[in-house]
Amino acid sequence: MAKRISLLLITVLCLSGCDYSKSDNRTGLFYNTFVQPMDRLLHLFGRLFNYNYGLAIIAIVLIVRFILLPFMLIQVKNMHIMREKTKVVQPQIDKIREKIKEADSQEERNAANQLLMKKYKQYGINPFKNIIGCFPVIIQIPILMGLYMSLKYPSSDGITKYPHFLWFNLTEPNIMMTLIAALMYLIQPLVNSIHYPKNERKTYYVMMILSPIFITYASLHSASALGLYWSLSAAFLIIQMHFAHRHYAKVGRSEAQQLRQSLEQHKEQR
């Protein structure tokens with residue numbers, strides 16, 4: 001997770017050097033693929049909501065969160081199922097891992113690894129599905145940068161003509177909006193961490209430090225519309241993750257119970 005934040009920060013710093021202030025510079029793969037579509041979407045929603053660009057950003061947040069929702073649900077579901085099933089077959093897994101450590105040759109190590117993969121498959125445990133958890137971050141980076149550039153270099157004067165939303169100007173940095181965004185990204189990993197065992201929470205504690213620092217720095221150096229986007233995105237993520245964890249924790253325990261019963265029946269038959 002910390003690496004993801006670092007990747008996001010590096011991307012922001014690199015792309016913040018792009019200059020699309022002149023129409024001649026508005027070309028290239030990144031601009032045509034991400035900035036231009038985001039710019040058009042922002043102004044489309046702006047006009048749709050009677051030039052209320054705050055509502056336009058809220059609409060964009062909802063679209064992005066619903067696009068990313070399936071990936072998040074798959075990750076949470078697999079995490080709980082894998083954790084609960086692994087508890088049931090932990091003695092078998094530990095024995096195989098011990099064989100891997102004690103292997104005298106590469107052939108023995110490969111055989112033990114294959115046996116471990118076979119056991120995972122046999123019990124419906126798929127640790128590789130956790131890689132899906134990286135997709136939302138990867139997907140969000142170009143979306144975020146497209147929004148950043150469309151706010152910094154808008155193709156029309158819609159948002160600069162109608163910049164006000166609630167108490168702040170969407171086109172200028174706002175300290176209150178920055179603090180709200182930083183607070184939301186402090187709460188988000190905290191809420192997420194309570195659904196993990198204590199020995200797995202270290203990463204989320206690191207996120208509680210790194211995320212607000214990054215959000216504060218980026219928000220103070222960009223339009224407050226970006227802080228609004230982050231605040232709303234984090235709020236929806238907190239709600240989504242909370243209910244997803246609650247639901248799939250039950251699913252994981254149920255599937256683990258079925259596996260336990262299946263293993264017990266197998267023992268009785270033997």
Asks: Between I63 and L232, is there a shared hydrophobic cluster once you connect ILVMFWY residues whose side-chain heavy atoms come closer than 4.5 Å?
Replies: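 I63 and L232: one cluster.
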
Asks: Check for a donor-acceptor pair, side chain of S254 on one end and backbone N or O of K250 on the other, with a separation under 3.5 Å.
Replies: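 Flag not set: sc S254 to bb K250 has no pair under 3.5 Å.
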
Asks: Looking only at heavy atoms, what is the nearest atom pair of Y185 and A234, with distance?
Replies: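 Minimum heavy-atom contact is CE1-CB, 3.5 Å.
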
Asks: When rounded to the nearest 0.5 angstrom, what distance separates OG1 in T216 from CD1 in I175?
Replies: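 One finds 8.0 Å between OG1 of T216 and CD1 of I175.
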
Asks: Report whether V76 and I239 are members of the same hydrophobic cluster (ILVMFWY, side-chain heavy atoms less than 4.5 Å apart, transitive linking).
Replies: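 Different clusters.
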
Asks: Verify the neighbour count for atom OH of Y51: are there more than 12 heavy atoms of other residues, nucleotides or ligands below 6.0 Å?
Replies: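 No, the 6.0 Å shell around OH holds no more than 12 heavy atoms from other groups.
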
Asks: Is M72 reachable from F66 through a run of I, L, V, M, F, W or Y residues, each pair having side-chain heavy atoms under 4.5 Å apart?
Replies: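 Yes; M72 is reachable from F66 via cluster members.
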
Asks: V64 vs L68, test: side-chain contact (heavy atoms from CB on, under 4.5 Å). Steps then yes/no.
Replies: CA-CA 6 Å; V64 172; L68 299 179; 3.9 Å; yes

Asks: Rounded at 0.5 Å granularity, tell me how far OG in S231 sits from CG in L226.
Replies: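 With rounding to 0.5 Å, OG (S231) is 9.5 Å from CG (L226).
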
Asks: Determine whether E98 and K95 satisfy the following criterion, salt bridge (Lys or Arg N to Asp or Glu O under 4.0 Å), listing intermediate values before the conclusion.
Replies: CA-CA 5 Å; E98 195 63 31; K95 286 180 181 178; over 6 Å; no

Asks: Any link between L183 and M176 through a network of hydrophobic side chains (Ile, Leu, Val, Met, Phe, Trp, Tyr) touching at under 4.5 Å?
Replies: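 Cluster IDs for L183 and M176 match.
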
Asks: Is it true that the side chains of N110 and Q106 contain a donor and an acceptor less than 3.5 Å apart?
Replies: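 Short answer, yes.
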
Asks: Between G227 and A181, which heavy-atom pair has the shortest distance, and what is it?
Replies: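 For G227 versus A181, the nearest heavy atoms are O-CB, 3.7 Å.
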
Asks: Between H164 and Y53, does the ring centroid distance fall short of 6.0 Å?
Replies: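 No; Y53 has its ring centre 6.0 Å or more from that of H164.
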
Asks: Measuring from R65:CZ to Q240:CD, what's the distance to the nearest 0.5 Å?
Replies: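 R65 CZ to Q240 CD: 5.5 Å, rounded to 0.5 Å.
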
Asks: Hey, is the main chain of E172 close enough, under 3.5 Å, to the side chain of S224 for a donor-acceptor pair?
Replies: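 Yes; judged by distance alone, with no hydrogens or angles, the pair exists.
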
Asks: Among the clusters formed by ILVMFWY side chains lying less than 4.5 Å apart, do I60 and L48 turn up in the same one?
Replies: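 Linked within one cluster.
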
Asks: With side-chain contact (heavy atoms from CB on, under 4.5 Å) as the criterion, how do E84 and K87 come out once you've worked through the C-alpha distance, each side chain's angles and the decisive distance to 0.1 Å?
Replies: CA-CA 5 Å; E84 296 300 327; K87 288 178 184 177; 3.5 Å; yes

Asks: Less than 4.5 Å apart, side chain to side chain, heavy atoms only: is that true for H80 and H247?
Replies: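 SC-SC contact between H80 and H247 ruled out.
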
Asks: Please report the interatomic distance CE(M82) to CG(N78), rounded to the nearest 0.5 Å.
Replies: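 The CE atom of M82 sits 6.0 Å away from the CG atom of N78.
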
Asks: Is the number of heavy atoms from other residues, nucleotides or ligands under 6.0 Å of K77 NZ greater than 12?
Replies: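 Result for NZ/K77: open.
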
Asks: Can you name the closest pair of heavy atoms from L170 and F168 and give their distance?
Replies: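 Closest heavy-atom pair between L170 and F168: CD2-CE1, 3.5 Å.
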
Asks: Using 0.5 Å steps for rounding, measure from the CG atom of L62 to the CG atom of L69.
Replies: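 Between L62 CG and L69 CG, I get 11.5 Å after rounding to 0.5 Å.
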
Asks: Can you name the closest pair of heavy atoms from P163 and N169 and give their distance?
Replies: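 Shortest heavy-atom separation between P163 and N169 comes out as CB-OD1, 3.1 Å.
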
Asks: To the nearest 0.5 Å, tell me how far I180 CD1 sits from L228 CG.
Replies: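 Taking CD1 in I180 and CG in L228, the distance rounds to 9.0 Å.
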
Asks: Apply side-chain contact (heavy atoms from CB on, under 4.5 Å) to the pair F49 and I58, showing each step before the final yes or no.
Replies: CA-CA 11 Å; F49 293 118; I58 292 173; over 6 Å; no

Asks: Just so I know, are the side chains of F236 and V61 near enough to count as touching, which here means a heavy-atom distance under 4.5 Å?
Replies: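 SC-SC contact between F236 and V61 confirmed.
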
Asks: Would you sort out whether M184 and I238 count as a side-chain contact (heavy atoms from CB on, under 4.5 Å), showing the intermediate values?
Replies: CA-CA 9 Å; M184 296 305 295; I238 289 168; 3.8 Å; yes

